[in-house]
There are 4 protein chains.
Amino acid sequence: MNTKDKKLSKREKNKENNRSIIIKAGIHTFLKKGISQATVRDIIRNTDLASGTFYNYFKSKEEVLIAALDESAIEIGQELRSRRKNAKNLEEFIYSQINPFFEFARDHSELFMIMSSNLNDVKAFSVETPMMTLELESLKEDIIIGINEGILPDVDPDYFCSVIQSVSEGIAFTFVKGGMSDEDISAAVKFCTNFIVNGIKAV
Amino acid sequence: MNTKDKKLSKREKNKENNRSIIIKAGIHTFLKKGISQATVRDIIRNTDLASGTFYNYFKSKEEVLIAALDESAIEIGQELRSRRKNAKNLEEFIYSQINPFFEFARDHSELFMIMSSNLNDVKAFSVETPMMTLELESLKEDIIIGINEGILPDVDPDYFCSVIQSVSEGIAFTFVKGGMSDEDISAAVKFCTNFIVNGIKAV
Amino acid sequence: MNTKDKKLSKREKNKENNRSIIIKAGIHTFLKKGISQATVRDIIRNTDLASGTFYNYFKSKEEVLIAALDESAIEIGQELRSRRKNAKNLEEFIYSQINPFFEFARDHSELFMIMSSNLNDVKAFSVETPMMTLELESLKEDIIIGINEGILPDVDPDYFCSVIQSVSEGIAFTFVKGGMSDEDISAAVKFCTNFIVNGIKAV
Amino acid sequence: MNTKDKKLSKREKNKENNRSIIIKAGIHTFLKKGISQATVRDIIRNTDLASGTFYNYFKSKEEVLIAALDESAIEIGQELRSRRKNAKNLEEFIYSQINPFFEFARDHSELFMIMSSNLNDVKAFSVETPMMTLELESLKEDIIIGINEGILPDVDPDYFCSVIQSVSEGIAFTFVKGGMSDEDISAAVKFCTNFIVNGIKAV
DNA sequence: GATGAATGAGCTTTCATTCAT
DNA sequence: CATGAATGAAAGCTCATTCAT
């Protein structure tokens with residue numbers, strides 16, 4: 001029994017281990033070669049595992065990507081959605097999006113860079129990612145609601161949506177690329193929020 | 001003489017024809033599968049030609065892309081650069097970029113979509129494209145000059161650069177995707193310019 | 001343990017098996033079509049294996065050739081070189097080369113035929129083969145040394161070198177082609193040695 | 001009439017011209033890349049002609065080679081055969097072969113190098129070349145006749161044949177490669193003849 | 001579950017050859 | 001005859017995926 005347990009736990013451990021080894025190698029590969037150029041072979045080459053082992057855990061490189069994004073990316077999506085519901089005015093609305101988005105970018109910079117550099121490919125799997133969330137219909141709907149409720153200024157919702165998305169992605173990208181410190185992030189968030197809020201107000 | 005001319009032109013015509021057939025198929029393929037996923041075979045499959053024929057015209061899919069971008073894309077890059085040199089203030093500076101950029105997006109919407117959706121891959125060829133130009137060091141340098149000369153407000157040049165780029169791409173993308181009319185473009189340009197100018201002024 | 005060993009050895013055996021199947025098919029192909037005309041596909045066609053399998057073992061047809069020549073061919077080159085160092089006179093010098101060379105030709109007749117019929121191509125890989133050794137500068141240098149030491153007659157070294165090479169290859173080729181028996185080889189060696197020794201003495 | 005004649009002769013001229021242009025390019029290509037590696041494309045690339053033009057004159061690269069060897073190579077074959085018929089003893093027999101063979105090698109060094117470096121491929125077309133002639137059954141038959149008539153020593157005809165062939169080719173190759181002067185050729189012929197005659201006598 | 005050899009589809013590219021002009 | 005674009009077979013090679021061990 002003892003022996004069996006040990007074996008089992010070892011196995012379990014190993015299983016988890018291999019799974020996360022593959023995910024790590026996947027992130028590394030996606031970052032280096034881009035999603036569409038990365039191959040299953042590339043991923044396992046960044047590993048001590050045999051090629052067959054890959055298929056014990058994932059059916060394709062896309063599944064690795066999804067696993068890599070997994071929780072964190074999904075959570076942030078939900079967070080963004082729920083936070084903006086509570087916004088009472090434009091400033092709050094924008095800030096509610098920008099702040100967590102930048103924190104995500106800072107805390108998961110590798111994932112962020114992958115998504116940001118491969119938006120097109122990421123779109124291909126209808127994965128829920130923060131970018132996706134910012135972009136998807138959901139944001140637009142909330143904007144329309146906000147406009148109707150008088151909380152948000154009456155701006156073309158498509159363009160409204162587009163600027164939030166593009167500015168936050170652009171600034172976050174610049175922020176992450178230039179090595180990010182703690183002061184930086186609040187400066188970046190402030191810059192980004194101010195820029196969008198005042199830009200929107202002026203149009 | 002007449003006969004000869006006709007013969008020649010028939011051939012030449014066919015040659016030109018095939019060349020543009022391939023380019024068209026290329027654009028179609030790049031649009032559909034993305035640049036890095038598209039293969040030479042994909043391109044010729046969108047064609048009645050034999051595989052060998054491709055290589056009578058191009059050495060690689062990249063050459064097809066370059067041919068597709070060709071003049072128009074190169075010209076716009078130069079235009080953007082020269083126009084911003086003459087700007088006397090922030091409004092002019094931004095407008096000098098946004099207006100021609102949107103016109104390019106409208107007039108070459110397929111190319112624009114390809115470039116916009118494959119920025120990463122396009123970067124790989126050091127082709128001069130409008131995105132590239134907006135993005136490259138050149139823009140940043142001109143911004144720094146403008147700041148020093150007091151023409152532009154004193155904003156972090158990296159962020160300055162980033163917002164111009166991301167907003168114009170984002171709005172132009174939205175604009176193009178939503179079928180573009182003539183009224184739309186001036187509205188889009190106005191929106192975009194106003195947004196950036198006032199956003200920048202506020203930060 | 002036994003089981004595991006067996007399993008392993010079965011696999012290993014199969015791997016070794018395939019490797020030598022490919023080498024054999026390679027030899028067959030090189031013999032039939034010549035080295036430069038042989039293709040990887042020709043080699044695998046002489047096999048029940050799939051095309052991809054080839055590349056599990058070799059990177060190119062050249063690697064197959066090298067594997068085929070492998071040890072034996074390299075050893076004989078070294079042997080020829082070391083033996084002639086000990087020669088005390090012309091007879092010994094010639095015999096030291098001819099005898100092992102013919103034994104090699106007899107014992108590896110297929111390889112010998114391939115090399116002999118594709119000297120030009122074999123030269124292209126700087127593989128050490130008996131022909132190469134006989135031909136290379138090394139032989140010429142030793143001849144010059146031998147002449148200077150008075151061990152060998154004072155004959156133009158280029159021609160000296162050339163006759164050793166051409167006669168031994170020519171006779172060995174004839175010898176191998178005409179199905180070789182044990183009496184034959186000593187007769188052939190004797191013929192060859194006598195011929196060269198006396199030819200050289202007379203010029 | 002005049003006009004027609006002119007046109008015709010011009011055409012004829014051009015025809016001959018293109019033919020020899022292709023042959024020249026062929027020789028150049030065969031020398032540089034070897035027969036089996038040379039392609040029709042290689043040959044026409046060394047030419048200002050269009051690819052289709054090639055097929056107005058030749059069906060394959062092999063036909064170019066045959067045309068290149070043509071007369072000269074065929075003549076020398078016949079000469080060698082006829083000369084050795086008149087030999088009264090070993091010396092004459094050998095000299096009758098060696099002398100014209102070396103002259104051929106000197107006067108057609110490019111062809112000689114091609115044949116000598118591509119013996120295997122040349123054999124593939126059963127073209128009559130000097131090498132072929134020296135090698136073919138014909139020489140062996142004449143040697144047997146010579147032995148029976150007491151003109152030649154009683155040496156194994158296969159080996160007899162082989163040494164004539166290999167030595168003359170080997171020395172001629174060395175001779176041609178080392179830039180050939182007029183003194184050289186008689187020295188080379190003398191060396192070669194002496195070597196073979198005395199070698200043969202001794203076995 | 002781990003392994004990695006085997007597989008064959010599919011890609012890029014070159015080539016000999018044809019044929020309308 | 002000269003031309004050279006079109007053709008499709010065939011080469012080299014890589015890949016995702018399977019499966020016996």
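Naming: A, B, ... by sequence-line order, numbering from 1 per chain. In what follows, every heavy atom counts, from backbone to side chain, and hydrogens, waters and symmetry copies are set aside.
Both A/Arg45 and C/Arg41 lie near DNA chain F, and the one whose nearest nucleotide falls closer to the 5' end is C/Arg41. Between D/Asp48 and A/Gly52, it is D/Asp48 whose nearest contact on DNA chain F lies nearer the 5' terminus.
With rounding to whole Å, C/Ile44 atom CD1 is found 18 Å from E/dA5 atom P. Between the OH atom of B/Tyr55 and the P atom of E/dT13 there is a distance of 4 Å, rounded to whole Å. Between C/Tyr57 atom OH and F/dC13 atom C1' the separation is 17 Å, expressed in whole Å. To the nearest angstrom, P of E/dA16 lies 9 Å from CZ of D/Phe54. Atom CZ in D/Arg19 sits roughly 13 Å away from atom P in F/dA2 (whole-Å rounding). The CG-P distance, from A/Leu49 to F/dA16, rounds to 16 Å in whole Å. To the nearest angstrom, P of F/dT14 lies 15 Å from CD of A/Gln37. Whole-Å rounding puts the D/Phe58 CZ to E/dA16 P distance at 15 Å.
Side-chain atoms of C/Asn118 and C/Ser36, non-hydrogen and from C-beta on, never get closer than 4.5 Å to each other. At least one side-chain heavy atom of B/Thr29 sits less than 4.5 Å from a side-chain heavy atom of B/Asn46. Residues D/Val64 and D/Tyr57 form no side-chain contact, since every pair of their non-hydrogen atoms from C-beta on lies 4.5 Å or further apart. A 4.5 Å side-chain heavy-atom check between D/Val40 and D/Tyr55 finds at least one atom pair inside the cut-off.
Here A/Lys61 lies out of heavy-atom contact (under 4.0 Å) with every strand.
Dashed line: the shortest gap from a side-chain N or O of B/Asn56 to OP1 or OP2 of F/dA5 is not under 4.0 Å. At E/dA2, one or more side-chain N or O atoms of A/Asn18 fall inside 4.0 Å of OP1 or OP2 (strictly under the cut-off). The phosphate of E/dT7 has OP1 or OP2 within less than 4.0 Å of a side-chain N or O from C/Thr53.
Residue B/Thr39 has its side chain nearest to E/dC11 when only F/dG4, F/dA2, E/dC11 are considered. Considering only side-chain atoms of B/Ser51, the nucleotide from E/dT13, E/dT7, F/dA2 that sits closest is E/dT13.
Side-chain atoms of B/Thr39 and B/Asp42 form a donor-acceptor pair, as typed in the model, at a separation below 3.5 Å.
Checking E/dA20 for Watson-Crick or G-U wobble geometry (two distances, each under 3.5 Å) identifies F/dT3 as its partner.
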